[in-house]
Number of protein chains: 2
Amino acid sequence: MLTERQRMILNAIVDDYIRSAEPVGSRSISKHGGIGFSPATIRNEMADLEELGFLEQPHTSAGRIPSTQGYRYYVDHLVKVSQLGEEELARVRSHFAMRMNQMEQIIQHAAMILSNITNYTSIVLGPEMFSNSLKVFQLVPLNDRAAVAIVVTNTGHVENRTISIPPDFDVTELEKVVGILNAKLAGVPLHRLQAKLYSEVGEELGRHVEHYESIMDSLAKALETDQEHRVFLSGASNMLTQPEFKDVDKVKMILDWLDETPTLMKAFASASAGIQVRIGTENDDDAIRSCSLITASYSVDGKSLGTIGLLGPTRMDYGKVISLLDVLSKDIALGLARWYK
Amino acid sequence: MLTERQRMILNAIVDDYIRSAEPVGSRSISKHGGIGFSPATIRNEMADLEELGFLEQPHTSAGRIPSTQGYRYYVDHLVKVSQLGEEELARVRSHFAMRMNQMEQIIQHAAMILSNITNYTSIVLGPEMFSNSLKVFQLVPLNDRAAVAIVVTNTGHVENRTISIPPDFDVTELEKVVGILNAKLAGVPLHRLQAKLYSEVGEELGRHVEHYESIMDSLAKALETDQEHRVFLSGASNMLTQPEFKDVDKVKMILDWLDETPTLMKAFASASAGIQVRIGTENDDDAIRSCSLITASYSVDGKSLGTIGLLGPTRMDYGKVISLLDVLSKDIALGLARWYK
DNA sequence: GCTAGCACTCGACGCTAGCGAGTGCTAACA
DNA sequence: TGTTAGCACTCGCTAGCGTCGAGTGCTAGC
């Protein structure tokens, strides 16, 4: 649909604009774009590209800037994704070289690397635990009124909460309770724990433990793990360095959006496998209509676990970001393999 | 040192400026300050107050604004701290009414309440665990190369990390290891765990477990809990709503400062018992020289556990903030008493 | 000791002119 | 027919200038 020359010009404009954040004029394309036509010719093509919807003019007598559609075409057909520099790659590698023994550490670290290298805001969704299953359940009494319940999943994730022990319940019986729960619930997916507790474990408990009814509620609470993704943010203040966001109100909207975990998760929900790019107005949320959101899911054994993403101005360095996300999502998967075996 | 009238005028100026964020003129004090002298008289006093260092003039022919010293005097002698409204108090109470079974939930919640009510940025340091002691140690094998180590403290705090198991170590021996560790280390303060592991436990392990040397390093790692405070932030974007921070660069500095956990901890380190107010240039850190940082420590049984704080412009609503921090720090202590018995 | 009056200061705002980057169009050229 | 040179035109940006007004400091009078 576009001629070769139009593609070259569009490419040059996007590249230039990504670099400079200023509307691109025909002259600078002619000179530095590596195309070699006169400004006048470029202008004619630019007028055509604008009519086709790929470019916009902030006002007459300013240069052109890419429209959402222009960026879209650029991302789909023109961008060169091999722009990951040597030092950056080394930086990523060196970060992952340190052996981390907490899953959260890896995730959080990844978020930090992302925002540091790109100067955008990184958003990382930790692995969801919906499909994980119970490995071990444990109760540690703190005093005669409270105990810590610990749930270990098959992926080595540990959840803990404090439950209260009813006054009529004998603390020394807890061990029995734990034994029965482990025997009955080991291997059960987290989201089925509570149902199973009532349907199958209650009866068994009744056979061996006095006053077991009084502690059932506490046990149910103990098994109610939040199966949601955890969200890690890094570099939110990077937004302030972007010239398009020198308007405080706009930044405020974006930062508030970032604070709203549920909204954020919804935006990530649509992220299917692989890398996804949502440019400007393609985003459902008004607050980030002037941003691009690029996400990549990481998976172990073909099973998608979570998502990493970058939020920046539409004028993003797509080539670099895409390759970085690609590399990093694979590295995270590698790092997590330890837990997911 | 100050006459009664000067105090009243200073008080009126600070109150007015806190409300309006604009330099206060003699006329508005005379009219709305509730003092009842003519502007000219007020002007004379203002000139004196300026000479004494309590007021500043952004430029000739603008009104006065309080200097750091002015705020200091206001906070020390003039502020009325009983300004916590009914609905706000109700809001705090209702938040704490919900029973929370994770310590972190309470802390994080508190941070959210603080920033929501005040529209400033809240910073909450979770309880440090330096002086906590080991209650129970647990190892859960994930596969034959890795296991999850779980440390439960006497306060019900749970730490976990994944350790690797050396190839020559028999997984079935782990139970024995756990037994010995619990027998030897229960009640030992967290910061002494590693030392004790080598000095006392190693030998005992050697008597009962083959190849115990190979797993010592992993065990040491498992016991190396980070005893630092955890930092919870909330409402960082509130900074953007303050008129004095409409300059993007200034905000950037502050947000970056907030991101730097170590620096932040240092600023909190000096926070002794009770409520502490650091106004503008009283802060050590350049980045927040235009801010005030108000901190309050929360303690159980007279033992200080952690700190909550608010960061805002020097033009802060000190009365409200101080009373709110006072209430909240006590509520947090109450909420945590469950764990600290 | 307080206040009315007044000259003075200085930032904020609005207006205008000039500049310059960039365009669109036309005509000439290969 | 595609490309280019030339040129008039547009329009945001900036600097300069005058006006306005809030607020001051000072002086004189009550």
Side-chain angles (χ1 to χ4, degrees), chain A residues 2-10 12-17 19-67 70 243-244 246-247 315, chain B residues 2-10 12-17 19-67 70 243-244 246-247 315:
Chain A
L2 293 188
T3 68
E4 187 56 31
R5 193 168 67 187
Q6 282 174 324
R7 294 158 61 112
M8 282 173 66
I9 290 174
L10 178 56
I13 291 175
V14 175
D15 279 342
D16 191 315
Y17 186 63
R19 210 179 27 76
S20 69
E22 268 168 31
V24 183
S26 56
R27 199 182 128 84
S28 64
I29 295 298
S30 165
K31 270 197 138 178
H32 313 290
I35 297 178
F37 290 96
S38 79
T41 309
I42 307 276
R43 276 205 293 281
N44 286 327
E45 297 283 31
M46 281 163 93
D48 290 348
L49 282 170
E50 184 173 0
E51 204 161 338
L52 289 169
F54 293 97
L55 295 180
E56 281 168 0
Q57 229 173 346
H59 54 265
T60 343
S61 90
R64 304 301 211 290
I65 61 174
S67 66
E244 36 264 272
K246 64 181 195 301
D247 174 20
R315 182 187 63 76
Chain B
L2 293 189
T3 69
E4 187 56 32
R5 193 168 67 186
Q6 283 174 324
R7 293 159 59 110
M8 282 173 66
I9 291 174
L10 178 56
I13 291 176
V14 175
D15 278 343
D16 192 314
Y17 186 63
R19 209 179 29 74
S20 70
E22 267 169 32
V24 183
S26 56
R27 197 182 130 83
S28 64
I29 295 297
S30 166
K31 271 200 137 177
H32 314 288
I35 299 178
F37 291 96
S38 79
T41 308
I42 308 275
R43 278 205 290 282
N44 285 328
E45 296 284 29
M46 280 163 92
D48 288 350
L49 283 170
E50 182 172 1
E51 204 161 339
L52 290 168
F54 293 96
L55 296 179
E56 281 169 1
Q57 231 174 344
H59 54 264
T60 342
S61 88
R64 305 300 213 288
I65 62 175
S67 66
E244 38 264 273
K246 63 181 195 300
D247 174 20
R315 180 188 63 77

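Chain A is the first sequence line, chain B the second, and so forth, proteins listed ahead of strands; every chain is numbered from 1.
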Extract from the structure each pairing of a protein N or O with an N or O of nucleotides 27-30 of chain D at less than 3.5 Å, listing the distance.
none

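- Rounded to an integer number of Å, the gap from CE of A:Met46 to P of C:dC25 is 15 Å.
- Per the geometry, CZ belonging to B:Phe37 stands 12 Å off P belonging to C:dG1, to the nearest Å.
- To the nearest 0.5 angstrom, A:Gln57 atom CD is 10.0 Å from A:Ile65 atom CD1.
- Sequence neighbours left out, the pairs with a member in residues 43-54 of chain B that pass salt bridge (Lys or Arg N to Asp or Glu O under 4.0 Å) are B:Arg5-B:Glu45, B:Glu50-B:Arg64.
- Take B:Glu244 and apply the salt bridge (Lys or Arg N to Asp or Glu O under 4.0 Å) test, not counting sequence neighbours, and it matches B:Arg315.
- Looking at residues two or more places apart in sequence or on another chain, you find no side chain to side chain donor-acceptor pair (under 3.5 Å) involving A:Ser61.
- Residue A:Arg27 contributes atom CZ, which lies 17 Å from atom P of C:dG24 at whole-angstrom precision.
- Atom CD in B:Glu22 sits roughly 10 Å away from atom P in C:dA12 (whole-Å rounding).
- If you measure from atom CD of B:Glu50 to atom P of D:dC26, you get 11 Å, rounded to the nearest angstrom.
- Separating the CD1 atom of B:Ile42 from the P atom of D:dG25 is a distance of 13 Å, rounded to the nearest angstrom.
- Two residues, B:Ser38 and A:Pro23, neighbour DNA chain C, and the one matched to the more 5' nucleotide by heavy-atom proximity is B:Ser38.
- More than 12 heavy atoms of other residues, nucleotides or ligands lie within 6.0 Å of CZ in A:Arg7, so this atom counts as buried by the packing criterion.
- Checked against C:dT23, C:dC2, D:dG25, the side chain of B:Gln57 finds its nearest nucleotide in D:dG25.
- Rounding to whole angstrom units, CG of residue B:Leu55 and P of D:dG25 are separated by 11 Å.
- Within the structure, a side-chain polar atom (N or O) of A:Arg64 is placed less than 4.0 Å from OP1 or OP2 of C:dT23.
- Look at CD on A:Glu56: it is 15 Å from P on C:dT23, rounded to the nearest Å.
- Side-chain atoms of A:Ser20 come within 3.5 Å of backbone N or O of A:Asp16 as a donor-acceptor pair.
- At a threshold of 4.5 Å between non-hydrogen side-chain atoms, the residues A:Leu49 and A:Leu2 count as touching.
- Here the CZ atom belonging to A:Phe54 is positioned 12.0 Å from the CD1 atom belonging to A:Ile13, to the nearest 0.5 angstrom.
- To the nearest 0.5 Å, atom CD1 of residue B:Ile9 and atom CE of residue B:Met46 are 8.0 Å apart.
- The closest side-chain heavy-atom distance from A:Val14 to A:Val24 is not below 4.5 Å.
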N/O to N/O distances under 3.5 Å, protein versus nucleotides 15-19 of chain D:
none

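- A close approach under 4.0 Å does not occur between any side-chain nitrogen or oxygen of A:Arg43 and OP1 or OP2 of C:dT26.
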Pairs: protein N or O with nucleotides 7-11 of chain C N or O, under 3.5 Å:
{"unit_1": "C:dT9", "atom_1": "O2", "unit_2": "B:Ser61", "atom_2": "OG", "d": "2.9"}
{"unit_1": "C:dC10", "atom_1": "OP1", "unit_2": "B:Thr60", "atom_2": "OG1", "d": "3.3"}
{"unit_1": "C:dC10", "atom_1": "O4'", "unit_2": "B:Ser61", "atom_2": "OG", "d": "3.3"}

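- Atom CD1 of A:Ile29 is separated from atom OG1 of A:Thr41 by 13.0 Å, given to the nearest 0.5 angstrom.
- Checking side-chain atoms of B:Ser26 against main-chain N and O of B:Ile42 turns up no donor-acceptor pair under 3.5 Å.
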